[in-house]
Amino acid sequence: MPHFDLQFIGSLLSIICIDLVLAGDNAVVIAMAANGLPKKQRLLSIGIGAGAAVILRVVLTVFAAKLMGLPFIKLVGGVLIAWIGVKLLVQGSPDEEGRKQCTTLLQAVFTVLVADLVMSTDNILAVAGASKGDLALLLIGLGLSIPFVVFTSSLLANLMDRFPWILLLGSAILGKVAVEMILTDQFTLGFFQVSHAQGIVAEIVGAVGVVLVGKLCLRMQGQEAKRC
């Protein structure tokens with residue numbers, strides 16, 4: 001049983017704040033993945049995806065220090081995130097007849113889990129430090145953050161129906177995150193280090209690049225559909 005003293009409450013609040021502040025990118029991924037589902041399945045996929053992601057994060061927190069020190073983890077993760085950004089943009093964008101590509105509940109949840117796995121290294125390390133090895137504290141803090149992530153993801157998914165540009169913004173955010181991960185990987189840092197200004201420029205290029213590749217894929221799909 002956890003001991004609910006001031007130190008416990010302070011650590012709990014720290015975990016909740018850390019998770020909420022750093023979970024914005026994850027909420028974008030969950031919303032974009034759910035956007036390809038029928039409206040009746042969206043909330044279910046968001047709830048399952050967010051809950052499963054938190055469970056995965058608890059398990060990975062145990063290995064956080066070793067995970068962050070391994071080369072290629074962020075490098076490969078960054079490439080995966082860029083690919084997910086393109087994939088979700090293509091799936092979520094309506095075709096000429098206003099239809100989106102169909103996505104299954106399992107596909108949406110799997111996309112959320114993969115994205116959360118590769119995007120949450122910094123989040124995992126921060127939460128691991130705040131929990132000080134207290135598993136009960138970790139579970140309570142991350143558990144309380146689920147309703148916020150679910151609400152934010154659900155709101156974004158619904159807004160994407162009304163404002164398609166939000167989908168483009170989501171893909172751009174994933175492109176930025178992808179470049180940031182690649183540039184901070186231990187393998188990459190062994191070859192070169194970029195300044196703060198260079199990092200910003202690279203992240204902007206990554207954000208624009210993911211959107212452009214997604215748009216190119218959509219155009220190629222449209223041309224293929226016309227030939228059929």
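Residue numbers count from 1 along this sequence.
No continuous path of ILVMFWY side-chain contacts below 4.5 Å connects I30 to L106, so the two sit in separate hydrophobic clusters. Hydrophobic clustering (ILVMFWY, side-chain heavy atoms < 4.5 Å, transitive): F192 and V179 are in one cluster. Follow the hydrophobic side-chain contacts under 4.5 Å out from F163 and you reach L168 in the same cluster. Note on L189: it does not cluster hydrophobically with V76, by side-chain heavy-atom contacts below 4.5 Å among ILVMFWY residues.
Atom OG of S195 sits about 8.5 Å away from atom CD1 of I200, to the nearest 0.5 Å. Atoms CD and CG, from E180 and D185 in turn, are 12.5 Å apart once rounded to the nearest 0.5 Å. Taken from CD1 in I46 to CG in N35, the straight-line distance is 9.5 Å, to the nearest 0.5 Å.
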Candidate pair F72 and T188, rule side chain to side chain contact (heavy atoms under 4.5 Å, CB included), full reasoning: CA-CA 8 Å; F72 300 109; T188 306; over 6 Å; no
Go through T111 and K87 one step at a time and tell me if the side chain to side chain contact (heavy atoms under 4.5 Å, CB included) criterion holds. CA-CA 10 Å; T111 300; K87 176 174 176 286; 3.5 Å; yes
Test side chain to side chain contact (heavy atoms under 4.5 Å, CB included) applied to M181 and I81, step by step: CA-CA 9 Å; M181 292 180 67; I81 288 299; 4.2 Å; yes
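Looking only at side-chain heavy atoms (C-beta outward), Q186 and L75 stay at 4.5 Å or farther from each other. Taking the side chain as every heavy atom from C-beta outward, W83 and L174 never approach each other to under 4.5 Å.
In terms of heavy atoms, I182 sits closest to G78 at CG1-CA, 3.9 Å. The two residues G214 and L89 have their closest heavy-atom pair at CA-CD2, 3.8 Å. Residues A108 and L37 come closest through the heavy atom pair CB-CD1, 3.8 Å. When all heavy atoms are compared, the tightest approach of S153 to A31 is O-CB, 3.3 Å. Annotation for V86 and C217: closest pair CG1-SG, 4.2 Å, computed over non-hydrogen atoms. Smallest separation of non-hydrogen atoms from V211 and S171: CG2-CB, 4.2 Å.
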Between side-chain atoms of residues 203-210 and protein atoms elsewhere (two or more places apart, or another chain), which donor-acceptor pairs fall under 3.5 Å?
none

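At least one donor-acceptor pair closer than 3.5 Å links the side chain of N158 to the backbone N or O of S154.
Only one option out of L156, L167, I84 pairs with M32 in a side-chain contact (heavy atoms from CB on, under 4.5 Å); it is L167.
When the side-chain contact (heavy atoms from CB on, under 4.5 Å) test is applied to F191, the partners found at least two apart in sequence or on another chain are F187.
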